> 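I have a structure I would like to understand better, so I am pasting it below and will then ask my questions one at a time.
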Amino acid sequence: MEPVRPDLVPDAELSRDEMEALQHEIADAAVFVDDVAIDPDRLSNPLASAASEGEPPIVAGVDQSFLQDGDGTEDRALSAVVAMQGGEVIERVYAVTPLEIPYIPGLLAFREGGPILAALEALSVEPDLLLFDGSGRIHFQQAGIATHMGVVLDAPCIGVAKSLLCGRPRSDVENLPEGARVAIEANDRVDAPAGTLIGYAVQTRQYDSPDRYINPLYVSPGHRVGPETAADVVLALASSYKLPEPVRLADGYADEAKRAVRD
DNA sequence: GCGACAG
DNA sequence: ATCTTGTCGC
């Protein structure tokens, strides 16, 4: 797949103000409600797929790793994509591109967007849905990496983050039971009316011991997906591990490919 | 000045 | 995110 909005592709040469201005454009173009019918049950369950007509949807997980040069300085980013259909991997691709800027909270898409788009161009199948490691609408300008990629590609996207960038949970998120979700609403750090629902803390896995617990994932709409569906999809795809399977596999593939590139 | 900060 | 082996615990 390739960008349908080349004008909005993240450019690391921009000034910080220009980057944030672009993010406001992205947020304005983003659709934070369900735009396509995505049945979470058909994502990973082959039986549900067989029972209904047509092919099950293709879901892609995207994750990055980084390579160092001889000095130990990070100089390249590697983006890995794992595409799944009916619970099975149908394609894996990766791309390596030079690293342009350091990590700056809020500007992740300008650091990692290049290799992601390069890897997605190498992908031969057309995903119906993409999951990213990072935020979507849970972002200062409501334009996290999942939203940015979603608008540039005009594809349904979901952000899956392991920690909360901004916003505020409506209730305690400690030690939630498996399958639970807690709404995340905009606070004064988010460029949205206070109280706006921007995502969910989603507990995909949990221990049963009283002294230790697993932190939830922070799931938010990227583009063309609403917050409830985003949470439903992540729960449906996280069958045996904390991370939804496409993202977990992309995570592993990013490490595997990095080792291969190093040799 | 202080605090907060995806990967 | 990254440098890294084994190891403690359910």
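Each chain gets a letter, A, B and so on, in the order its sequence line appears, and its residues count up from 1. Computed from a predicted structure; not experimentally measured.
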> Base, sugar-phosphate, or nothing: which does A/Tyr103 touch, judged by heavy atoms less than 4.0 Å apart?
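Base contact.
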> Quick one: is A/Lys162 getting a side-chain N or O under 4.0 Å of the B/dC5 phosphate, OP1 or OP2?
no
> Tell me which nucleotide among B/dG7, C/dT2, C/dC3 gets nearest to the side chain of A/Ser65.
C/dT2
> For the side chain of A/Ser163, counting heavy atoms from C-beta on, which of C/dT2, B/dA6, C/dC3 is nearest?
B/dA6
> Taking the nucleotide of DNA chain C with the nearest heavy atom to each, does A/Asp211 or A/Arg262 sit closer to the 5' end?
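Its nearest nucleotide lies further toward 5', so the answer is A/Arg262.
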> When the distance from CD of A/Gln206 to P of C/dC10 is rounded to whole Å, what number comes out?
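So the CD-P distance, A/Gln206 to C/dC10, works out to 15 Å.
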> Kindly indicate whether the side chain of A/Asp63, heavy atoms from C-beta on, has any atom under 4.5 Å from the side chain of A/Val82.
no
> Please give, in whole Å, the distance from B/dC5 C1' to A/Asp188 CG?
14 Å
> Look at A/Arg259 and C/dT2 and indicate whether a side-chain polar atom (N or O) is within less than 4.0 Å of OP1 or OP2.
no
> Please report the distance, rounded to the nearest Å, between CZ in A/Arg111 and C1' in B/dC5.
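Whole-Å distance recorded here is 15 Å.
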> Take atom CG of A/Leu99 and atom P of C/dT2, then tell me their distance rounded to the nearest Å.
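After rounding, the gap between these two atoms is 12 Å.
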> Please tell me which of A/Phe66 and A/Arg212 maps to the more 5' nucleotide of DNA chain C, matching each residue to the nucleotide holding its nearest heavy atom.
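Closest to the 5' end, via its nearest nucleotide, is A/Phe66.
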> Return the value, rounded to whole Å, for the distance between atom CD1 of A/Ile138 and atom P of B/dA4.
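From A/Ile138 CD1 to B/dA4 P: 19 Å.
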> Measure the spacing between CZ of A/Arg224 and CG of A/Leu129 and express it to the nearest 0.5 Å.
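Answer for the CZ-CG pair, A/Arg224 versus A/Leu129, is 10.5 Å.
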> For A/Phe110, does the six-membered ring have the charged nitrogen or CZ of A/Arg16 within the cation-pi criterion, i.e. under 6.0 angstrom from the centroid and within 45° of the normal?
no
> Regarding A/Ile145, tell me which of base, sugar-phosphate or nothing describes its non-hydrogen contacts under 4.0 Å with the strands shown.
base
> Run the salt bridge (charged side-chain N to carboxylate O under 4.0 Å, His left out) test on A/Arg168 and A/Asp188 for me, step by step, so that the C-alpha distance in whole Å, both residues' side-chain angles and the decisive distance to 0.1 Å come before the verdict.
CA-CA 10 Å; A/Arg168 173 183 156 287; A/Asp188 54 10; over 6 Å; no
> Taking NZ, NE, NH1 and NH2 as the nitrogens, is one of them in A/Arg248 or A/Asp251 under 4.0 Å from a carboxylate oxygen of the other?
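Result for this pair is no, no salt bridge flagged.
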> Tell me: CG of A/Asn187 to C1' of B/dG3, nearest whole Å?
13 Å
> Between A/Glu112 and A/Tyr103, do the side chains contain a donor N or O and an acceptor N or O under 3.5 Å apart?
no
> Just the rounded figure in Å: distance from C1' of C/dT2 to CG of A/Asp255.
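Rounded to the whole Å, the gap is 10 Å.
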> Across the strands shown, which category fits A/Gly159 at heavy-atom distances under 4.0 angstrom: base, sugar-phosphate, nothing?
nothing
> From the set B/dC5, C/dC3, B/dG7, return the single nucleotide nearest to any side-chain atom of A/Arg189.
B/dC5
> Counting the atoms with a prime plus P, OP1 and OP2 as sugar-phosphate, which does A/Leu107 contact under 4.0 Å by heavy atoms, base, sugar-phosphate, or nothing?
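Contact class for A/Leu107: base.
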> Looking at C/dT2, I'd like to know if its phosphate oxygens (OP1 or OP2) sit under 4.0 Å from a side-chain N or O belonging to A/Lys258.
yes
> Kindly point out which of B/dA6, C/dT2, B/dG7 is positioned nearest to the side chain of A/Asp63?
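Of the candidates, B/dG7 comes closest.
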> Base, sugar-phosphate or nothing for A/Arg76? Non-hydrogen atoms, less than 4.0 Å.
nothing
> Roughly, in whole Å, what's the span from CD in A/Gln68 to P in C/dT2?
9 Å
